[in-house]
Amino acid sequence: MATASDEPLIRLDNVSKRFVLPDGRPFDAVHPTSLDIPRGDVFGLVGKSGAGKSTLLRLVNLLERPDQGRVFVAGRELTALDKRALREARQHIGMIFQQFNLLQNATVAENVAFPLRIHGRHGAAQIDARVRECLALVGIADKLHSHPAQLSGGQKQRVAIARALASRPDVLLCDEPTSALDAETTESLLATLRDINAQLGVTIVIVTHELPVVTALCRQVAVVEEGRIAERFAVDDTSRLPVTRLGRDLVRLKASPAPHDGNPRHDLDRLEAAHA
């Protein structure tokens, strides 16, 4: 595994985000929050639906611009950049989504090549070589000429990962990347993400509500509750006493994984039911 340095790759400095609900009421998705994530880390943001974890993730690359505070990635303050400089900075931040977000009428190769073509800095031969390299890295080199409709859910997510890696990012942001996948596919995809972190040193930040995903992949985790980071700890530190219920469940699952039905999404339901 890559070794995380002491200097954070990502730094959120007192960021917050408020939305206006359809009835006109304000909703604070993220209260003023600060967070540092070391270079080379695999960091989890875990919480219930609506806790604010996805909004917090989207603040990192300014898909959601904070109402206040500053965002730093690789030493650059993204919140201080103009549109052109921000587009350039985002080339070093890959992102994958729950629903893949692939171009349905484009081939796998064209999907992966898309971020390279829109920036116009690479020739056709360079793009072709990088596309093949990224598809080989995620284990679907044979799907070069396929279309998304011909792929399984796991294969679609691998295409999305290959596309996110095409521009050689420093960080990969993952928003519930396994939620649409079955247990076996999830396990295989997590192994691919571990390999990417180990081989390329890419920092991974993953939002999930699936505790087994955190225990299988992450080194550190932050529990998000009602738009705030309630606690943060090392996943392997099973001796600590977390202050949140999700934190306690995660430590318990890491220390002595209980048998389950093979679907990692059911583990969180089981743990919550035990505390109901």
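Counting from 1, the numbers follow the sequence of the chain as shown. The model shown is predicted, which means the values in this text are computed figures rather than measured ones.
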Check [X] against [Y] and note the closest heavy-atom contact, atom names and distance.
X	Y	value
Arg163	Phe100	NH2-O, 3.0 Å
Pro177	Gln157	O-NE2, 2.9 Å
Gly47	Leu246	CA-CD1, 3.6 Å
Arg76	Ala89	NH1-CB, 3.9 Å
Ala166	Leu116	O-CD2, 3.6 Å
Thr208	Val214	CG2-CG2, 3.6 Å

For [Y], is there any backbone N or O sitting under 3.5 Å from a side-chain donor or acceptor partner on [X]?
X	Y	result
Lys53	Val224	no
Gln155	Ser152	yes
Lys17	Leu59	no
Arg39	Val202	no
Thr185	Leu181	no
Thr33	His31	yes
Glu110	Thr107	yes
Asn197	Gly40	yes
Asp41	Phe43	no

Is there side-chain contact between [X] and [Y], with at least one heavy-atom pair below 4.5 Å?
X	Y	answer
Glu225	Val223	yes
Arg219	Ile204	no
Pro169	Ile93	no
Val15	Leu12	yes
Thr186	Ser188	no
Pro38	Leu9	no
Asp175	Ile96	no
His209	Ser179	yes

State whether the number of non-hydrogen atoms from other residues, nucleotides or ligands found under 6.0 Å of [X] atom [atom1] is greater than 12.
X	atom1	value
Phe233	CZ	yes
Asn105	CG	no
Glu187	CD	no
Glu77	CD	yes

State the [atom1]-[atom2] distance between [X] and [Y], to the nearest 0.5 angstrom.
X	Y	atom1	atom2	answer
Asp249	Thr215	CG	OG1	12.0 Å
Thr244	Arg248	OG1	CZ	6.5 Å
Leu172	Ile161	CG	CD1	7.0 Å
Leu56	Arg228	CG	CZ	13.0 Å
Thr55	Leu45	OG1	CG	11.0 Å
Met95	Phe97	CE	CZ	4.5 Å

Shared hydrophobic cluster for [X] and [Y] (ILVMFWY, side-chain gaps under 4.5 Å):
X	Y	value
Phe72	Val205	no
Leu63	Leu78	yes
Val30	Phe27	no

Inset, instruction - Tell me, with the steps shown, if Thr178 and Glu210 meet side-chain hydrogen bond (donor to acceptor under 3.5 Å, both in side chains). - result: CA-CA 9 Å; Thr178 62; Glu210 302 169 11; 2.9 Å; yes

Inset, instruction - Step by step, work out the side-chain contact (heavy atoms from CB on, under 4.5 Å) result for Asp36 and Ile10. - result: CA-CA 6 Å; Asp36 290 349; Ile10 298 168; over 6 Å; no

Inset, instruction - Determine, step by step, whether Leu35 and Ile229 satisfy the side-chain contact (heavy atoms from CB on, under 4.5 Å) criterion, reporting the C-alpha distance in whole Å, the side-chain angles of both residues, the deciding distance to 0.1 Å, and the verdict. - result: CA-CA 9 Å; Leu35 177 68; Ile229 294 178; 3.8 Å; yes

Legend entry - Identified side-chain contact (heavy atoms from CB on, under 4.5 Å) counterpart of Leu173 within the set Val207, Ile206, Leu57: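 It is Leu57, the one option of Val207, Ile206, Leu57 that forms the side-chain contact (heavy atoms from CB on, under 4.5 Å) with Leu173.
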
Inset, instruction - Dump the intermediate steps for side-chain hydrogen bond (donor to acceptor under 3.5 Å, both in side chains) on Arg158 and Thr192, then the final yes or no. - result: CA-CA 9 Å; Arg158 289 176 184 276; Thr192 297; 2.6 Å; yes

Inset, instruction - Go through the side-chain N and O atoms of Ser16 and Asn14 and say whether any donor and acceptor fall under 3.5 Å apart. - result: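 Side chains of Ser16 and Asn14: no pair found under 3.5 Å.
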
Legend entry - Working for side-chain contact (heavy atoms from CB on, under 4.5 Å), residues Asp13 and Ser34: CA-CA 5 Å; Asp13 180 18; Ser34 296; 4.0 Å; yes

Legend entry - Gln220/Val235 under side-chain contact (heavy atoms from CB on, under 4.5 Å): CA gap, chis, key distance, verdict: CA-CA 5 Å; Gln220 295 190 75; Val235 175; 5.7 Å; no

Can we say [X] and [Y] salt-bridge, meaning some charged N sits less than 4.0 Å from an Asp/Glu carboxylate O?
X	Y	answer
Asp236	Lys254	yes
Arg240	Glu231	yes
Asp23	Arg25	yes

Can you give each donor-acceptor pair under 3.5 Å made by side-chain atoms of residues 134-151, sequence neighbours left out, with the distance rounded to 0.1 Å?
unit_1, atom_1, unit_2, atom_2, d
Gln150, OE1, His147, N, 2.7

Legend entry - All salt bridge (charged side-chain N to carboxylate O under 4.0 Å, His left out) counterparts of Asp28, not counting sequence neighbours: Arg18

